[in-house]
Amino acid sequence: MSPAVFPSRSVASRLTTLFWRHPRLLLGLLLAPPLLWLGLVYLGALAALLLQSFYSIDDFSGLIVPELTLKTYAQLFRPSNFDVITRTLLMALSVTVASGVIAFPVAYYAARFARGRWKAAFYLGVMLPLWSSYLVKVYAWKLILAKEGIVTWAATATHTDWLLDAALSLPGIGGSSLSTSYIGTFLVFCYVWLPYMILPMQAALERVPTSMLEASADLGATAGQTFRTVTLPLALPGIIAGSIFTFSLTLGDYIIPQIIGNSASFIGMAVYQLQGTAGNVPLAAAFAVVPILIMLVYLTLARRAGAFDAL
Amino acid sequence: MRSEASWPLRIAALAGLLFLHLPILLIFLYAFTTDERTFTFPPPGLTTQWFAVAWNRADIWPPLMLSLQVALFSTLLALVLGTLVAAAMSGARFFGRDQLSLLIVLPIALPGVITGIALRSAIPMLHLNFGWQTIVLGHATFCIVIVYNNAVARFRRLSGGILEASADLGANAFQTFRYILLPNLGTALLAGGMLAFALSFDEVIVTTFTAGTGAASKTLPIWMLDELIRPRQRPVTNVVAMVVFATTFLPILLAYYLTREGSETAGSGK
């Protein structure tokens, strides 16, 4: 009688048994690298940013004083800095509303009427601009809005240049040409963030059950009434979800107002210039905390409206 | 009840789509203009000389190569990290799961300028020098979520049964990964990788914060940004813009076709 011979077990199969007996161990091994990366690199960086915003800068030496103070935050309320914040907020609000208005017909048509090949065309038609190069899109608008560019040409050709001139002479938002006015900045923001608005809107509209629309019609509602009392309330979370993107992206952008606009400062530009040429990292950090706070409030309100289920 | 769309709705929807696409076409047109100082429309004349000029400009090649290198490394890092998170998130319920999913989305949900300045202020604290590696550090961070979104959707569709069947038939964990999991995840990972590559190749906001100052860390988008602020030979910028557009357009289209059969389609969220 010789003893039973078991095949020698390889490291791989011994590890397999170990993972089978202790599933938590496998989970830990899977999670460790991404957690280390995001936890250390990203959360660490955000914590560093938050900490810096409580530092201040010495007025005489220009050096950072690493003592906790609210002095830097108080500087945000100086008129010149506070203007930057209100300007950015107003821009983000108007861009969000305008994108919503332009996006709705596209999303509504794609969700309710487009079928088969058209549906795919609409999807690609929104997705490709969403992913295609941001800088190329901004550059395209520099060509369009330039004084000698296509908009001026089209206005002259259709004899509507008086309309363009009237828009440009509006106090506050006008300028010498579209590419150096708030109107230009606003148009480019709308263009660049529009796909972010369409996609969640379309997803929400697709989830509105057809049976409810039929029930509404059976009960005698006109198309307009059905739209106002059934479709719109049910699609609202999707609209709010889209607005999160347009709002947040406008709050933080600093490239667009730098290239197209009247060189008035926005939050993103303030952050970039303060940390770079001015070397005032604490104030830059405090400026960066402003959009974080605004977005936290916005997200809390959006969560109450059920927007996260629509993402 | 399937009524036809009304004409105003059709026109508004089509106008919206045209609004999204026509501006890009102008980039192509202006690459052929003979006017190198302004953006006169219509172009005074057409020429193809700018393609040759761009080809021979020595300042374009190093940024192009750097951008490809950064996008490649960021994509590879994001592929590994994103797949790991997706595997962990799909397999188990654990403490902090919701917080983790928030943490993954955060780098892309917060405005880029915040991710940028956060990394900018943290990197010197870690005693790292700014260079192409720090650009990769930033890019990989926000590319993780792209890979994760694609992979986790595929994991959800994959039934746990085939993994158990593989184990029952005597495969060890690594064989199951190699012969069962990887072939099933393949197209989703490829799609996620493509999107991550496109995103990294064209990223400019975080890059301006994490790049060093020298020419050695000038990516193609940063080169383009410089040309936008201080233009010279404008049509050359258009030629480069066409290259950037094509380099991001093709992977995105491929990602769409790789995943369109499934219930999840790549690219529905950025």
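Numbered from 1 within each chain, the chains take letters A, B, ... in sequence-line order. The basis for the numbers below is simple: all heavy atoms, side chains too, and nothing from hydrogens, waters or symmetry mates.
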In terms of heavy-atom proximity below 4.5 Å to chain B, should [X] be classed as side chain, backbone, both, or neither?
X      : value
A/A288 : both
A/A120 : both
A/Y191 : both
A/L43  : side chain
A/L249 : neither
A/L51  : neither
A/Q202 : neither

So which of [options] has the biggest tally of heavy-atom pairs under 4.5 Å with chain A?
options                      : result
B/L26, B/V113, B/L20, B/I205 : B/L20
B/I27, B/T208, B/T247, B/L14 : B/I27
B/V85, B/T83, B/T248, B/I117 : B/I117
B/L103, B/L119, B/V244       : B/L103
B/P111, B/A122, B/A118       : B/A118
B/G116, B/P107, B/A171       : B/P107

For B/A12 and A/V106, work out which heavy atoms get closest and say how close. O-CG2, 4.4 Å
Determine the minimum heavy-atom distance between A/Y109 and B/A13, stating which atoms define it. CB-CB, 3.6 Å
Of the listed residues ([options]), which shares the most heavy-atom pairs with chain B below a 4.5 Å separation?
options                        : answer
A/I144, A/I267, A/I102         : A/I144
A/T152, A/L251, A/T16          : A/T16
A/F122, A/F19, A/Y139, A/F104  : A/Y139
A/A284, A/A121, A/S248         : A/S248
A/A140, A/S133, A/G149, A/A223 : A/S133
A/A48, A/P291, A/G44           : A/A48

Do side-chain atoms of B/D202 reach the backbone of A/S132 as a donor and acceptor pair under 3.5 angstrom? no
Side chain from CB out, backbone as N, CA, C, O: work out which of these in [X] comes under 4.5 Å of a heavy atom of chain A, or both, or neither.
X      : answer
B/I11  : neither
B/Y30  : side chain
B/I104 : both
B/R234 : both
B/L29  : neither
B/L225 : both

Does the plane of the ring in B/F209 sit parallel, tilted or perpendicular to the ring in A/Y272? Use 30° and 60° as the thresholds. perpendicular
Flag side-chain contact, heavy atom, 4.5 Å: [X] against [Y]:
X      : Y      : answer
A/Y42  : B/L110 : yes
B/N172 : A/L15  : no
B/L81  : A/L38  : no
A/P34  : B/I144 : no
B/L253 : A/W131 : no
A/V136 : B/M224 : yes
B/N238 : A/L143 : yes
A/L29  : B/L84  : no

For the atom pair [atom1] ([X]) and [atom2] ([Y]), what is the distance rounded to the nearest 0.5 Å?
X      : Y      : atom1 : atom2 : answer
B/L228 : A/L135 : CG    : CG    : 6.0 Å
B/T237 : A/K142 : OG1   : NZ    : 11.0 Å
B/I229 : A/I255 : CD1   : CD1   : 7.0 Å

Say whether A/W37 and B/T141, considering side chains only, have a donor N or O and an acceptor N or O under 3.5 Å apart. yes
